[in-house]
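The structure appears right after this line, and notes come after that.
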Amino acid sequence: MYRIKIFIIFIILYNFSTSLYGNLLEIKVKIQDQIITNLDIENEKNYLFFLNPKLRNLEQSRINKIAKESLITEIIKKNELKKIFEFNIDGNLLNVVENNLYKRKNIKNKNEFLKILENEDLDYEIIKQKLYIEALWNQLIYQKYSTNVILDENA
């Protein structure tokens, strides 16, 4: 009888530990002083699906790779931008970027945008930061290379 109780307790603990392991947070990549976890990759996949729903048609391994590379690129961009700009989310630049996103996604206003984000399980503050990083990066690239671009208006 004692062995049966021990055996049952062992099975219960084994099943409990197995279910806990499934929800474990894993560090996938470390970039300088920042880490990327499996949860970050899942959130990035949701963000990328929001921007481009056709990504859902890809294989899961390919989607994971794209999300991980996207996060790595974002961290690198953010670290480089901090060297050049005072990194405070600017209202004017962010408003322009958000409005462009609304037009591209056929979103009427910010309230509708927030509802869509909630349905997609996305955090507005994180999206706002991603949009700001991308806008600043584009601004930096433009400033750096705009003098090297020659437009042929006759073509």
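Surrounding CD of E59 are at most 12 heavy atoms belonging to other residues, nucleotides or ligands under 6.0 Å away. Surrounding CG of D121 are at most 12 heavy atoms belonging to other residues, nucleotides or ligands under 6.0 Å away.
Listed by chain and number, the residues in a ring-ring contact (aromatic ring centres under 6.0 Å, His included) with F113 are Y102 (sequence neighbours excluded). Checked against side chain to side chain contact (heavy atoms under 4.5 Å, CB included), K65 has the following partners two or more places apart in sequence or in another chain: R62, E69.
Cluster membership check: W137 shares its hydrophobic cluster with Y145, using side-chain heavy-atom separations under 4.5 Å among Ile, Leu, Val, Met, Phe, Trp and Tyr. Hydrophobic clustering (ILVMFWY, side-chain heavy atoms < 4.5 Å, transitive): I116 and L48 are in one cluster. If you chain together hydrophobic residues whose side chains sit under 4.5 Å apart, L93 and F85 fall into the same group. Cluster membership for Y132 and L114, using ILVMFWY side-chain heavy atoms within less than 4.5 angstrom, is shared.
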Exercise for review: Check the pair L101 / F50 against side-chain contact (heavy atoms from CB on, under 4.5 Å), numbers first and verdict last.
Suggested key: CA-CA 11 Å; L101 180 63; F50 169 70; 4.2 Å; yes
Exercise for review: Starting from the C-alpha separation in whole Å, work towards a yes-or-no answer on side chain to side chain donor-acceptor pair (under 3.5 Å) for S61 and N64.
Suggested key: CA-CA 5 Å; S61 61; N64 286 335; over 6 Å; no
Check your understanding: What's the verdict on side-chain contact (heavy atoms from CB on, under 4.5 Å) for T37 and V29, showing C-alpha distance, side-chain angles and the deciding distance?
Key -> CA-CA 7 Å; T37 66; V29 180; over 6 Å; no
Point to revise | Derivation of the side-chain contact (heavy atoms from CB on, under 4.5 Å) call for I66 and L58 | key: CA-CA 10 Å; I66 291 170; L58 297 175; 3.7 Å; yes
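Between the E44 side chain and the D40 main chain, no donor and acceptor come within less than 3.5 Å of each other. In this structure, the side chain of N43 does not engage the main chain of N38 through any donor-acceptor pair within 3.5 Å.
Between K110 and Y124, the side chains place a donor N or O and an acceptor N or O closer than 3.5 Å (distance only, hydrogens not considered).
When each of K115, R56, K105 is checked for a salt bridge (Lys or Arg N to Asp or Glu O under 4.0 Å) with E120, only R56 meets the rule.
Under the 4.0 Å criterion applied to side-chain N and carboxylate O atoms, K128 and E98 are not assigned as salt-bridge partners.
Between atom CG of residue L81 and atom NZ of residue K77 there is a gap of 8.5 Å, rounded to the nearest 0.5 Å.
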